[in-house]
Amino acid sequence: MKEEIIDSILRFEEQNKINEREVCGLKYWSLIRTFVLNDLITEIKQLSHLCDASQKRKKLNLYILKRSFFNKKDINKDILLITDTRRILQGKKYESVFTDELEKILREKYSTITLEEPSWVDKNPIRQAHPTPALTENLKYVDVYEIKALIIKRLFKIFRKKQTKLIRNEIDNLFKLMEEKFKVNLSSIRDQYSDDLIYFLTMRKTYTRLIKKINPRCVFIYFRGFKFKALATSILNELGIKVIEVQHGTIVEDDPIARKTYSTIGWTSKPDYLFAFGEKQVNEKNLIYTRENIKYVGNLFLEKKLEQEYMCPTEFIQGKKYILIISQSVIGEYLSKFAVELAKKLESNNEYVIVFKYHPNEAGRNYENLERNNIIQIRDSNKEIYQYQKYAYAQIGVFSTALYEGISFGLPTFVLKNPIGTNGTIKMLEYFKKGVYLEKNINQIIELIEGNLEKPEKEDIELLWKTNAKDNFITELEKIIGNKAYGKL
């Protein structure tokens, strides 16, 4: 069971004092922890990888270059937002699904600047090119700095052979501990983490100067533990600037492991606060935050989408009932096989059509078994899942946050039994009186689909998301930095 694996990893981390490991003066564990542990779990459970290599890489264009240099207008900002490259096309511009709604309400009262984490030169496989033009006001890119990082890394390896060897030996020793304990082979990823430690050592001064120039009073950051965000958070911790993580996905008892620990002693990179969706979306067991530092504020982006009018998807035909399957990259193979099995059992009734929605991290995959007349495959991440949830008959998944969002649209929901993530999801959703069906087998699902599905009740839905997110964000922010902007202090 996944929770047993999580407990085993957290015990290993504590017993071996992994938090305290250090090389070349760098306490590095909290900087690389997210992806090391995800890679470890992938090997233990023999899962698909978290993400696929993106083919969408662009060279630095004029749009990005113009926004890569900082001037006097970019200093002394009240709020710095560090955002992801994931955006969706809204009209003629690309909107950040993570920070644009937040930035819009913040700039009514505070001065803001947004950094989009590097894309073009970063070798992490989840990277997409920066979608342009972007909707974000006062947006800056740091890819130019990352070109510098590549050059410095090569020079470091040439002229600092002793330190390079120390770093490689340290990563080797750490990975040997994990391999012996968990009976896995991590040799294919060791060099990646050695390079990351060189990055942290060599780029700290560069990004410290940049952050000091911006001089923010606090920083909003969305959790994805890529090295730029990890390093930036570490620098902000050192400078005493408050870091607020805005919840990205549902936090259940056993996932994500990067937000679970027995102790944060020795950590050098950790946000100070979590601004969370709602109390039914955060399981506080072994969470890296204390209870008083979790602020339940709601979901700005979802609130906007719930009010938005959507056209019926072009793939939908009147008179059909569409069953939406929400995929996740680590279990995409499992979900594709389930989709095919369901499609086969329903093919005698042409009223039903399966819609398989790929996760954005699965864009490079091809599940050939899905090529069936009663299955529609949706790969394009610009096609919003909310549009399909608005018109679907039911949705099926395992642990995606999109399931919770679909419930907010009143969509009947099936949570499949799967050892990778179901247990945490079940504990979060078991309070629903109706409309959420847990651990049903395929025959039970078909019986319910062909029968009379019930919708989730409004009073249960409201426990998932705190309402009035705009007011909540501002209220909690003012408690942290005050209600006056720069120039009014």
Side-chain angles (χ1 to χ4, degrees), residues 51 53-75 77-108 110-148 210 213-214 216 219-222 224 226 228-229 232 246 248 299-305 307-311 314 358-361 363-364 378-387 470:
C51 43
S54 172
Q55 302 301 313
K56 297 181 179 180
R57 295 186 184 276
K58 295 179 184 176
K59 294 182 178 179
L60 293 176
N61 57 33
L62 184 60
Y63 182 94
I64 293 173
L65 282 171
K66 284 173 63 177
R67 291 161 178 80
S68 297
F69 299 97
F70 295 76
N71 53 47
K72 289 182 179 179
K73 294 188 299 183
D74 302 317
I75 67 173
K77 294 296 183 184
D78 293 301
I79 310 291
L80 167 63
L81 300 98
I82 301 179
T83 194
D84 198 281
T85 57
R86 191 184 297 174
R87 292 174 176 271
I88 56 174
L89 188 61
Q90 300 286 281
K92 295 183 179 180
K93 292 187 176 181
Y94 288 90
E95 178 181 8
S96 169
V97 300
F98 300 121
T99 56
D100 277 357
E101 279 302 304
L102 175 57
E103 189 269 343
K104 188 190 300 182
I105 68 166
L106 291 175
R107 71 171 185 259
E108 294 176 5
Y110 301 99
S111 58
T112 66
I113 187 171
T114 301
L115 300 184
E116 187 161 296
E117 61 181 336
S119 166
W120 180 62
V121 294
D122 196 306
K123 299 304 181 185
N124 195 294
I126 203 171
R127 281 298 179 275
Q128 303 173 27
H130 298 292
T132 59
L135 189 65
T136 312
E137 294 277 342
N138 201 16
L139 175 64
K140 296 291 184 178
Y141 300 97
V142 295
D143 295 72
V144 169
Y145 295 95
E146 296 293 305
I147 295 172
K148 173 183 174 181
L210 177 59
K213 182 183 291 187
I214 298 171
V219 177
F220 283 95
I221 194 164
Y222 269 78
R224 280 177 184 246
F226 299 125
F228 169 71
K229 281 184 180 173
V246 184
H248 164 66
N299 187 329
L300 286 163
F301 189 74
L302 180 63
E303 283 191 5
K304 182 180 81 168
K305 293 301 177 181
E307 295 174 359
Q308 183 174 321
E309 293 292 329
Y310 282 101
M311 297 287 289
T314 56
Y358 286 76
H359 190 275
N361 295 348
I378 308 297
R379 298 176 181 275
D380 187 352
S381 59
N382 282 318
K383 292 187 174 182
E384 292 185 42
I385 193 168
Y386 306 119
Q387 183 180 20
K470 177 179 177 179

Contacts of Tyr310 that satisfy side-chain hydrogen bond (donor to acceptor under 3.5 Å, both in side chains) - sequence neighbours left out: Glu384
Shortest non-hydrogen separation from Leu300 to Leu102 and the atoms involved: CD1-CA, 3.6 Å
Minimum heavy-atom distance between Tyr145 and Ser68, given as atom pair plus value: CE1-O, 4.4 Å
Leu115 CG to Ile82 CD1 distance, which is reported to the nearest 0.5 Å: 5.5 Å
Interatomic distance, Ser111 atom OG to Ile79 atom CD1 [nearest 0.5 angstrom]: 7.5 Å
Within-4.5 Å side-chain heavy-atom neighbours: Phe301 and Tyr386: yes
Ionic contact status for Glu108 with Lys470, cut-off 4.0 Å: yes
Passing option when His130 is tested against Glu116, Glu117, Arg87 for side-chain hydrogen bond (donor to acceptor under 3.5 Å, both in side chains): Glu116
Partners meeting side-chain hydrogen bond (donor to acceptor under 3.5 Å, both in side chains) with Glu101 (sequence neighbours left out): Lys104, Lys304
Under 3.5 Å donor-acceptor, Asn382 side chain and Leu89 backbone: yes
Gap between atom CD of Gln387 and atom CD of Gln308 - 0.5 Å precision: 9.0 Å
Salt bridge Asp74-Lys140, side-chain N to carboxylate O under 4.0 Å: yes
Gap between atom CD1 of Ile75 and atom CZ of Phe70 - 0.5 Å precision: 12.5 Å
Straight-line distance of Thr85 OG1 to Asp143 CG, nearest 0.5 Å: 10.0 Å
Asp84 to Phe226 - nearest heavy-atom pair and separation: OD2-CE1, 4.5 Å
Taking every non-hydrogen atom, the tightest pair across Lys229 and Tyr222: NZ-O, 2.8 Å
Nearest non-hydrogen partners of Thr83 and Ser96, listed with the distance: OG1-OG, 3.1 Å
CA sep, side-chain torsions, deciding dist, call: Val246, Ile221, side chain to side chain contact (heavy atoms under 4.5 Å, CB included): CA-CA 6 Å; Val246 184; Ile221 194 164; over 6 Å; no
Heavy-atom closest pair, residues Ala134 and Tyr141: CB-OH, 4.3 Å
Sidechain-backbone polar pair: Glu103 side chain, Thr114 backbone, donor-acceptor under 3.5 Å: no
